[in-house]
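Right, one structure below, let's go through it.
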Amino acid sequence: MIPINRPWLGEEEKREVMAVLDENALTTAARDGGKRVRDFESSLRQYLGCKHALAVNSGTAALQAALMAAGVGQGHEVLLPSFTFVATANAVVATGARPVFVDIDKKNFTIDAADARKKITKKTRAMIPVHLYGHPCDMDAISELAEKRSLAVIEDACQSLGSTYKERQTGTFGDMGCFSMYASKVLTAGEGGAVVTDDDRLAEKIKMIRNHGMVEGYDTRVLGLNLRLPELSAAIAKVQMLKLGQMLDARRRNAKIMSELLSGAKGFALPEESADARFNWYLYTVAFGKSADRDAAKGALQKDEIGAAVYYDPPVHRTPFYRGKAKLPATDWAARRVLSLPVHPGVGEAQAARIAASLKAAAG
Ligand SMILES: Cc1ncc(COP(=O)(O)O)c(C=O)c1O
């Protein structure tokens with residue numbers, strides 16, 4: 001089976017993890033984190049070209065910490081797409097605020113700024129654009145709307161490390177950007193995350209929030225939690241940062257092979273970059289038309305030992321916990337039509353060609 005995702009790990013990660021064990025330095029509650037946390041933060045900062053990068057222990061923790069730092073809480077509303085992993089909404093609920101689901105743009109599956117505008121109320125405090133599948137959101141429209149209506153923008157860049165919008169890294173447009181290093185992501189630590197920002201005050205707050213609101217020992221000043229990234233995970237993340245360029249190149253190569261082989265194929269639309277939006281190719285997601293059966297194609301691909309997967313059906317607003325009155329036609333359309341295929345660095349050129357051939361046959 002070619003899995004939909006697989007971490008790309010080598011001897012370098014093993015050596016760094018062993019060094020952590022040899023040093024008996026598993027974790028530290030120091031305000032600035034351990035040595036490897038700081039190394040990882042420094043390379044992420046340089047890669048993204050931002051002022052602060054603060055490591056935390058998951059993408060969900062990154063979102064929750066960012067919302068807390070933005071002052072989002074009870075009585076507030078936060079705009080976000082329903083077409084996302086449920087963690088985006090869960091982080092909002094964890095702060096006491098109410099998630100308000102916004103529809104998506106069919107062309108790239110990301111939040112529709114025009115629909116977001118319609119859903120702003122007096123209670124709206126923040127907006128979470130999600131760069132789903134590594135497809136950058138329309139950050140010009142989102143930034144303009146946020147500025148006009150004084151909303152905080154917290155980018156969910158959990159799937160988009162390395163994607164760019166107008167040649168700038170996703171995660172660096174909003175007040176804060178949130179990344180995940182879960183095992184499926186383009187850069188992994190098993191579990192892990194980071195909040196990035198150019199704002200000194202927000203960075204200080206995040207540092208407190210990830211460590212029980214403390215500054216110098218037991219002097220809790222704001223509500224915080226234990227969101228610290230352990231050194232063992234930071235060791236892996238730090239080494240993965242050195243290979244990020246190489247890993248992204250491999251994804252791009254695989255996607256290119258597939259797009260060339262699938263060009264002109266009937267029954268589904270291919271993922272396409274634009275002059276403004278460059279993908280990290282976290283996933284290769286096609287959208288089926290009315291004439292082709294997505295679920296049958298998924299079954300056929302899986303029979304061919306290809307880990308084709310559907311993200312996300314049901315969308316968040318149709319899950320039992322979140323079920324409500326939201327009407328989101330483009331979201332419902334996407335949930336029924338998308339199918340994601342593997343393009344991770346473990347997929348070789350021959351396998352990329354095999355995936356394309358299998359999809360063509362399955363949709364034909
Ligand atoms: C869009 C999105 N948001 C948030 C998360 C949460 O990240 P984590 O699993 O690291 O908590 C993920 C990944 O799992 C994600 O894909």
Side-chain angles (χ1 to χ4, degrees), residues 3-7 37 40 44 53-68 78-95 99 101-102 104 108-111 126-137 142 153-163 170-171 174 176-196 206 209-210 225-230 232-234 236-237 240 251 279-285 309-317 319 321-322 331 334-335 338 340 342 344:
I4 185 71
N5 284 301
R6 188 168 61 214
V37 162
F40 163 68
L44 184 62
L54 289 320
V56 291
N57 51 27
S58 71
T60 312
L63 288 162
Q64 188 179 354
L67 287 159
M68 288 167 75
V78 177
L79 302 172
L80 74 162
S82 161
F83 202 54
T84 179
F85 181 53
V86 70
T88 319
N90 289 347
V92 173
V93 174
T95 66
F101 295 113
V102 175
I104 54 165
N108 63 3
F109 311 112
T110 68
I111 195 164
M127 191 164 29
I128 311 182
V130 181
H131 305 292
L132 201 75
Y133 308 143
H135 299 181
C137 301
I142 289 158
V153 175
I154 295 167
E155 292 175 73
D156 182 335
C158 286
Q159 299 187 0
S160 71
L161 179 60
S163 297
T170 55
M176 286 168 276
C178 299
F179 292 88
S180 165
M181 283 110 73
Y182 175 62
S184 69
K185 302 300 191 261
V186 296
L187 179 141
T188 188
E191 301 277 3
V195 181
V196 305
I206 297 286
I209 289 166
R210 76 176 174 184
L225 298 156
N226 174 3
L227 307 178
R228 298 184 302 260
L229 184 70
L232 276 172
S233 311
I236 301 173
Q240 287 261 295
R251 286 177 178 277
F279 303 168
N280 65 354
W281 294 103
Y282 171 55
L283 292 165
Y284 189 95
T285 303
V310 173
Y311 304 105
Y312 292 93
D313 187 12
V316 179
H317 78 289
T319 61
F321 181 74
Y322 285 99
T331 298
V338 292
S340 294
H344 55 79

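Counting starts at 1 for both ligands and their atoms, in listed order. Quick note: numbers below take in every heavy atom, side chains included, and nothing from hydrogens, waters or symmetry partners.
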Around atom 11 (O) of ligand 1, find the nearest protein heavy atom and jot down its residue, atom name and distance.
-> T60 OG1, 2.5 Å
Looking at S180, which atoms of ligand 1 are within less than 4.0 Å of one of its heavy atoms?
-> 7 (O), 8 (P), 10 (O)
Which ligand 1 atoms are under 4.0 Å away from a heavy-atom of V130?
-> 1 (C)
Tell me which protein heavy atom sits closest to atom 3 (N) of ligand 1, plus the residue, atom name and distance to 0.1 Å.
-> D156 OD2, 2.7 Å
In sequence, state the C-alpha distance, the side-chain angles, and the governing distance for Y133 and Y311, and then conclude on ring-ring contact (aromatic ring centres under 6.0 Å, His included).
-> CA-CA 9 Å; Y133 308 143; Y311 304 105; 7.1 Å; no
Modelled atom types, side-chain donor and acceptor of H317 and S82, under 3.5 Å = yes
Could you please spell out the steps behind the side-chain hydrogen bond (donor to acceptor under 3.5 Å, both in side chains) verdict for S184 and Y282?
-> CA-CA 9 Å; S184 69; Y282 171 55; 3.0 Å; yes
For T88, the atoms of ligand 1 under 4.0 Å from one of its heavy atoms are 3 (N)
Sub-4.0 Å atoms of ligand 1 with respect to non-hydrogen atoms of T84 | 1 (C)
Whether R6 side chain and H344 backbone form a donor-acceptor pair below 3.5 Å | no
Does K185 come within less than 4.0 angstrom of ligand 1, counting non-hydrogen atoms of the residue?
-> yes
Looking only at atom types and distance, does a side-chain atom of S180 sit under 3.5 Å from a main-chain N or O of S58, one as donor and one as acceptor?
-> no
Residue pair N90, Y322: steps toward the side-chain hydrogen bond (donor to acceptor under 3.5 Å, both in side chains) verdict | CA-CA 10 Å; N90 289 347; Y322 285 99; 2.6 Å; yes
To the nearest 0.5 Å, how far apart are CD in Q159 and CG in L132?
-> 4.5 Å
protein heavy-atom neighbour closest to atom 9 (O) of ligand 1 works out as Y182 CB, 3.9 Å
Could you check T88, L63, I128 and say which one makes a side chain to side chain contact (heavy atoms under 4.5 Å, CB included) with C178?
-> L63
Tell me which protein heavy atom sits closest to atom 8 (P) of ligand 1, plus the residue, atom name and distance to 0.1 Å.
-> G59 N, 3.4 Å
Looking at A87, which atoms of ligand 1 are within less than 4.0 Å of one of its heavy atoms?
-> 4 (C), 5 (C), 6 (C)
Note: L132, heavy atoms under 4.0 Å from ligand 1, region reported as neither
Logged contact type for C158 with ligand 1, heavy-atom cut-off 4.0 Å, is side chain
Can D156 and H131 be said to form a side-chain contact (heavy atoms from CB on, under 4.5 Å), step by step?
-> CA-CA 6 Å; D156 182 335; H131 305 292; over 6 Å; no
Considering only protein heavy atoms, which is closest to atom 16 (O) of ligand 1, and at what distance to one decimal place?
-> Q159 NE2, 2.8 Å
Subset of ligand 1 atoms that lie under 4.0 Å from at least one heavy atom of S58 = 10 (O), 11 (O)
